[in-house]
Amino acid sequence: MDRGETGGDPRILAITVLAGGTSVPDLLTSVIVTMQGQGDMAISSSIGSNIFDVTVGAPIPWLIYSVYYGRAVRVQSQPTTMTVWIGSLVCMLVAVVLSIKCFLPHLAPAPTIARRPPAREAPAPFFSS
């Protein structure tokens with residue numbers, strides 16, 4: 001199989017691109033929820049979705065392959081390739097954190113304090129003693 005210029009397996013690259021594509025809906029919902037002023041909900045949704053993708057979405061196909069073929073999935077990579085991939089992921093993480101830090105205050109409306117209606121007196125009991 002042709003490894004191209006990066007020395008990595010094209011199948012792994014394809015799976016990585018596919019995983020990125022499945023994160024786009026999460027990104028859109030997070031932006032919408034953030035625009036509504038619920039940034040905490042957007043962050044928790046993104047984190048939860050990514051945890052699910054990593055713990056369930058990624059291992060299931062590998063497990064099915066291993067059970068079906070009776071052998072482990074073999075991944076070949078050169079150390080420099082892994083360094084580039086991990087470095088790219090770290091750079092993306094830094095970019096996301098910086099973009100949230102820089103742009104979130106400008107996008108999210110100021111939080112509003114919800115006021116409770118005044119408490120009503122409890123009705124008198126039907127039967128009094």
Side-chain angles (χ1 to χ4, degrees):
M1 178 167 293
D2 182 24
R3 301 226 179 259
E5 293 180 19
T6 62
D9 191 344
R11 295 174 291 186
I12 301 299
L13 178 61
I15 291 171
T16 305
V17 170
L18 181 64
T22 60
S23 296
V24 171
D26 295 331
L27 171 68
L28 294 176
T29 55
S30 292
V31 168
I32 291 169
V33 171
T34 302
M35 296 292 275
Q36 294 174 351
Q38 298 177 349
D40 293 344
M41 181 183 233
I43 292 170
S44 64
S45 172
S46 296
I47 291 171
S49 172
N50 286 320
I51 289 172
F52 178 82
D53 289 346
V54 168
T55 58
V56 177
I60 297 286
W62 293 60
L63 179 66
I64 292 171
Y65 178 91
S66 297
V67 168
Y68 184 78
Y69 290 106
R71 57 187 159 98
V73 177
R74 213 169 146 224
V75 178
Q76 298 175 354
S77 181
Q78 300 170 359
T80 55
T81 303
M82 288 304 292
T83 304
V84 169
W85 287 357
I86 292 172
S88 298
L89 289 173
V90 169
C91 289
M92 284 187 262
L93 177 64
V94 168
V96 167
V97 169
L98 289 176
S99 65
I100 289 172
K101 181 87 171 149
C102 294
F103 298 116
L104 187 60
H106 302 292
L107 295 176
T112 57
I113 299 173
R115 296 183 181 246
R116 289 185 173 190
R120 291 195 235 164
E121 293 182 19
F126 187 71
F127 296 106
S128 59
S129 49

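Heavy atoms only: backbone and side chains are in, while hydrogens, waters and symmetry mates are out. Just so it is clear, the model here is predicted, and its values are computed rather than measured.
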Can you hop from [X] to [Y] via hydrophobic side chains spaced under 4.5 Å?
X: Tyr65; Y: Tyr68; result: yes
X: Ile64; Y: Val56; result: yes
X: Val73; Y: Tyr69; result: yes

Task: Nearest atoms (heavy-atom pairs only) where Ala72 meets Ser66 - done: CA-OG, 3.9 Å
Task: Rounded distance (nearest 0.5 Å) linking atom CD1 of Ile32 with atom CE of Met41 - done: 12.5 Å
Task: Residue pair Val96 / Met92, side-chain heavy-atom distance below 4.5 Å - done: no
